[in-house]
Amino acid sequence: RYSVEPDAAVPHSKSRGSHLRVHFKHCREIAHHIKGLEVAKADKFMQDVLDMKSIVPFTKYTGGIGRKAMAKQHNAPGSKGRWPVKATAVVKDLLS
């Protein structure tokens, strides 16, 4: 299912979901932000998003996204971000 099999010596993980009832664009922005983070930090970030303590910065799909002061913490372009609760819960479930 994957085009390239990664090196086994490097710690990594991969997962995928299909037919998920969440917005693709929200999942893309969450995954883009947590890419490269340690699992504990990514899990804490997603829990903070669910608790509305942190925001998911939107970098690619920004049409119609309102500006939020909290997005400045992540240096989001145009200070654009959201709290996609449903998509965050799905991605967090995939990560665990």
Side-chain angles (χ1 to χ4, degrees):
R1 290 297 213 184
Y2 296 96
S3 60
V4 176
E5 289 299 324
D7 184 21
V10 179
H12 65 279
S13 67
K14 59 183 178 180
S15 63
R16 65 184 262 173
S18 60
H19 304 292
L20 301 174
R21 298 287 297 161
V22 291
H23 291 280
F24 159 76
K25 294 179 180 182
H26 292 178
C27 291
R28 186 261 174 209
E29 298 293 351
I30 295 166
H32 184 262
H33 186 69
I34 66 171
K35 182 179 179 180
L37 290 180
E38 296 176 0
V39 176
K41 286 186 179 181
D43 193 46
K44 183 183 182 317
F45 168 75
M46 287 188 282
Q47 186 59 46
D48 287 346
V49 170
L50 292 174
D51 296 336
M52 305 288 184
K53 294 179 182 175
S54 186
I55 197 167
V56 176
F58 275 57
T59 56
K60 185 173 182 180
Y61 299 108
T62 58
I65 303 291
R67 293 180 294 196
K68 310 288 188 294
M70 194 181 285
K72 293 179 184 177
Q73 297 171 355
H74 302 292
N75 294 328
S79 298
K80 294 186 176 187
R82 280 189 174 168
W83 299 274
V85 174
K86 188 175 176 183
T88 302
V90 169
V91 173
K92 185 176 179 183
D93 187 47
L94 279 175
L95 191 63
S96 62

Next item on the list: Measure the shortest side-chain to side-chain distance between Val91 and Cys27 over non-hydrogen atoms and say whether it is less than 4.5 angstrom.
Entry: yes
Next item on the list: Using the test salt bridge (Lys or Arg N to Asp or Glu O under 4.0 Å), find all partners of Lys14 that sit at least two apart in sequence or belong to another chain.
Entry: Glu5
Next item on the list: Using the test side chain to side chain contact (heavy atoms under 4.5 Å, CB included), find all partners of Lys35 that sit at least two apart in sequence or belong to another chain.
Entry: none
Next item on the list: Mind checking side-chain hydrogen bond (donor to acceptor under 3.5 Å, both in side chains) for Asp48 and listing every partner two or more places apart, or none if nothing turns up?
Entry: Lys44
Margin query: Looking at every heavy atom in both Lys68 and Gly81, which two are closest together, and how far apart are they?
Written below: CG-O, 3.4 Å
Notebook entry, point to check: So, for Lys72 and Ser79, which heavy atoms are closest and what is the spacing to 0.1 Å?
Noted result: CG-OG, 3.4 Å
Check: What distance do Asn75 atom CG and Thr59 atom OG1 have between them, rounded to the nearest 0.5 Å?
Finding: 12.5 Å
Next item on the list: Please write out which residues are connected to Ile55 in a hydrophobic cluster, directly or through intermediates, given that two of Ile, Leu, Val, Met, Phe, Trp, Tyr count as joined at side-chain heavy-atom separations below 4.5 angstrom.
Entry: Leu50, Met52, Met70, Trp83, Val85
Next item on the list: Locate the shortest heavy-atom distance separating Asp43 from Leu95; write the atom from each residue and the value.
Entry: N-CD2, 4.3 Å
Check: Should the heavy atoms of other residues, nucleotides or ligands under 6.0 Å from NZ of Lys25 be counted, would the total exceed 12?
Finding: no
Margin query: Can you give me the closest heavy-atom contact between His26 and Pro84, atom names plus distance?
Written below: ND1-CB, 3.6 Å
Next item on the list: Establish whether Leu37 and Phe58 are linked, either directly or via other cluster members, by ILVMFWY side-chain heavy-atom contacts under 4.5 Å.
Entry: yes
Next item on the list: Please assess His32 against Lys60 for the test side chain to side chain contact (heavy atoms under 4.5 Å, CB included), listing each intermediate value before the final yes or no.
Entry: CA-CA 10 Å; His32 184 262; Lys60 185 173 182 180; over 6 Å; no
Check: Can you name the residues that form a salt bridge (Lys or Arg N to Asp or Glu O under 4.0 Å) with Asp93, not counting sequence neighbours?
Finding: none
Next item on the list: Indicate the ring-plane relationship of Phe45 and His33, choosing parallel, tilted or perpendicular according to the 30° and 60° boundaries.
Entry: tilted
Checklist line | Linked, directly or transitively: Met46 and Leu94 (ILVMFWY side chains, under 4.5 Å) | finding: no
Margin query: Rounded at 0.5 Å granularity, tell me how far NZ in Lys53 sits from CD in Gln47.
Written below: 8.0 Å
Next item on the list: Locate the shortest heavy-atom distance separating Ala42 from Ile34; write the atom from each residue and the value.
Entry: CB-CB, 4.1 Å
Next item on the list: Under 4.5 Å between side-chain heavy atoms, chaining through other members, with only Ile, Leu, Val, Met, Phe, Trp and Tyr counted: pull out the rest of the cluster around Phe24, sorted by chain and number.
Entry: Tyr61
Check: Which pair of non-hydrogen atoms, one from Lys80 and one from Thr62, has the smallest distance, and what is that distance?
Finding: NZ-O, 3.4 Å
